[in-house]
Amino acid sequence: MPGSTHALSSHSPPAAEAAARRGFWWRYRRNRPALGGLLLLCAIGTIAAAAPLLAPFGPWDMAGAPFLWPGEDPAHRLGTDVLGRDIFSGLAHGARVSLSIGLAATCAAVVIGTGMGALAGYLGGWMDAILMRITEVFQTIPPFLFVIVLVAVFRPSIATVILAIAVVSWPAVARLVRGEALRLRRTEFVQSCIVIGMTDRRIILTQVLPNCLAPIIVIASVMVATAVLTEAGLAFLGLSDPNVMSWGTMISIGREALRSAWYMVALPGVAILVTVLSLNLIGDGLNDALNPRLGAD
């Protein structure tokens with residue numbers, strides 16, 4: 001029995017390490033809705049990337065007769081809008097705009113929020129108090145109204161929209177990272193780094209932030225969905241870049257003919273719905289797969 005116990009203990013660590021290495025993808029792909037969301041997003045991303053090749057016309061080209069319904073003309077598979085612009089071309093090019101803005105705004109928000117949260121949580125004291133008061137100020141302002149004000153004050157453009165969405169999105173990341181930094185600062189491996197004389201900057205970059213990566217990834221996936229919705233709302237109100245075609249712009253154009261040609265609004269609306277749903281499903285799957293409490297499953 002002692003020998004068998006020793007053998008079990010000697011073989012358990014490699015098995016545990018192998019399970020840890022393959023555990024993330026195994027847990028993620030077992031979540032069927034999350035896997036379906038990933039496939040949907042990959043399909044949308046492929047259409048967006050290949051829009052110049054897949055779309056038969058430019059998004060602003062008056063390529064056919066107005067008010068063609070889907071399936072009515074083989075040259076315009078999803079129909080045309082009030083000015084004869086091809087709906088499929090608009091959806092393909094709109095996917096590039098909406099996803100690009102969502103990803104760029106989320107990246108900017110994650111960088112700002114991660115930096116603020118890591119400094120506040122790790123350093124504590126007066127630094128924590130100041131940074132968290134700044135965060136609370138931003139959180140007290142209604143996000144969408146704040147975005148509208150920022151875009152209206154500056155010239156509407158892709159850069160302005162990205163910046164405005166990032167400004168209202170970073171506080172959630174900052175609070176999340178701050179909580180993780182507060183927890184990690186009390187752990188033994190961080191205290192050991194302090195004892196051996198590592199600088200605060202090095203500890204934050206090499207010890208704290210890598211261990212905050214999992215929750216940051218999860219919240220970022222949800223933030224992309226929120227950014228896509230926010231950009232669509234701005235475009236619907238005419239506050240996005242007027243020189244680019246996005247799904248929100250298509251809905252804004254089609255609302256004038258909502259009763260007679262509802263497909264102009266329905267098709268880009270479905271595109272937004274599917275994209276946001278896929279991102280939320282991915283976020284749920286990442287949350288389950290990256291949850292360390294599930295590592296022993």
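Keep in mind that this is a model prediction, so the values were computed, not measured.
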With distance as the sole test, does T114 use its side chain to make a donor-acceptor pair with the main-chain N or O of V111 at under 3.5 Å?
no

One should read off an interatomic distance between L267 CG and I251 CD1, to the nearest 0.5 angstrom, of 10.0 Å

Rounded at 0.5 Å granularity, tell me how far SG in C42 sits from CD1 in I47.
11.5 Å

Residues in side chain to side chain contact (heavy atoms under 4.5 Å, CB included) contact with V274, at least two apart in sequence or another chain
L40, I44, V270

Would you say T106's side chain and L103's backbone share a donor-acceptor pair under 3.5 angstrom?
no

List the atom pairs, with distances to 0.1 Å, where a side-chain N or O of residues 228-243 and a protein N or O form a donor-acceptor pair under 3.5 Å, not counting sequence neighbours.
| unit_1 | atom_1 | unit_2 | atom_2 | d |
| --- | --- | --- | --- | --- |
| T230 | OG1 | T226 | O | 2.8 |
| E231 | OE2 | S240 | OG | 3.4 |
| E231 | OE2 | S246 | OG | 3.1 |
| D241 | OD1 | N243 | N | 2.9 |
| D241 | OD1 | N243 | ND2 | 3.4 |
| D241 | OD2 | I158 | N | 3.4 |

Is L205 reachable from M116 through a run of hydrophobic residues whose side-chain heavy atoms are each under 4.5 Å from the next?
yes

Does Y28 share a hydrophobic cluster with V218, counting links as ILVMFWY side-chain heavy atoms below 4.5 Å and allowing steps through other members?
yes

Under the side chain to side chain donor-acceptor pair (under 3.5 Å) definition, can you give me all pairs with a residue in residues 176-198, not counting sequence neighbours?
D128-R178, E180-R183

Grouping I, L, V, M, F, W and Y whenever their side-chain heavy atoms are under 4.5 Å apart, do L279 and V222 come out in a common cluster?
no

Can you pull the ring pair (Phe, Tyr, Trp, His ring centres under 6.0 Å) pairs that have at least one residue in residues 178-227, sequence neighbours excluded?
none

Between L184 and C212, the two heavy atoms sitting closest are CD1-SG, 3.8 Å

Verify same cluster id: V168, L145 (apolar side-chain graph, 4.5 Å):
no

For L99 and A48, work out which heavy atoms get closest and say how close.
CD1-CB, 4.3 Å

For W60, ring-ring contact (aromatic ring centres under 6.0 Å, His included) partners two or more places apart
none

Just by distance, do the side chain of N287 and the backbone of D284 share a donor-acceptor pair under 3.5 Å?
no

ring-ring contact (aromatic ring centres under 6.0 Å, His included) against W170, all qualifying residues, sequence neighbours excluded:
F138

Residue pairs passing the side chain to side chain donor-acceptor pair (under 3.5 Å) test with at least one member in residues 194-214, sequence neighbours excluded, are Y122-D200

Any donor and acceptor pair, going by atom type alone, linking the side chain of W247 with main-chain N or O of L91 inside 3.5 Å?
yes

Would you compute the distance between atom CE of M264 and atom CD1 of I87 and round it to the nearest 0.5 angstrom?
6.0 Å

Nearest heavy-atom pair of P56 and S89: which atoms, and what distance?
CD-OG, 3.4 Å

Looking only at heavy atoms, which two atoms of I253 and M245 are closest? And how far apart?
CD1-CE, 4.3 Å

OG on S98 to CD1 on I272, rounded to 0.5 Å
6.5 Å

Out of curiosity, does L41 fall in the hydrophobic cluster containing L281 (side-chain heavy atoms, cut-off under 4.5 Å, transitive links)?
no

Short side-chain to backbone donor-acceptor contact, R85 and M62, under 3.5 Å
no

Going by side chain to side chain donor-acceptor pair (under 3.5 Å), name the pairs with one or both residues in residues 136-165, residues two or more places apart or in two chains.
R133-E136, E136-R175, Q139-R175, S157-T160

By side chain to side chain contact (heavy atoms under 4.5 Å, CB included), which residues pair with P66, not counting sequence neighbours?
none

Applying salt bridge (Lys or Arg N to Asp or Glu O under 4.0 Å), name anything that partners D86, two or more places apart in sequence or on another chain.
none

d(L286 CG, I216 CD1) to nearest 0.5 Å is 13.5 Å

On a heavy-atom basis, the closest approach of P59 and G90 is CB-CA, 4.5 Å

Partners passing ring-ring contact (aromatic ring centres under 6.0 Å, His included) against Y263 (at least two apart in sequence or in another chain):
W69

Side chain to side chain contact (heavy atoms under 4.5 Å, CB included) evaluation trace for I204 with L119:
CA-CA 8 Å; I204 291 173; L119 290 174; 4.1 Å; yes

To the nearest 0.5 Å, atom CG of L273 lies from atom OG of S278 at 9.5 Å

Please determine whether side chain to side chain contact (heavy atoms under 4.5 Å, CB included) holds for the pair M223 and V173, giving the CA-CA distance in whole Å, both sets of side-chain angles, and the decisive distance to 0.1 Å.
CA-CA 10 Å; M223 287 172 60; V173 182; 3.4 Å; yes

Minimal heavy-atom distance between T135 and A174, with the atoms involved, is OG1-CB, 4.3 Å

Tell me, please, which residues at least two apart from H76 pass ring-ring contact (aromatic ring centres under 6.0 Å, His included).
F57

Please check: side-chain N/O of S100 versus main-chain N/O of R96, any donor-acceptor pairing under 3.5 Å?
yes

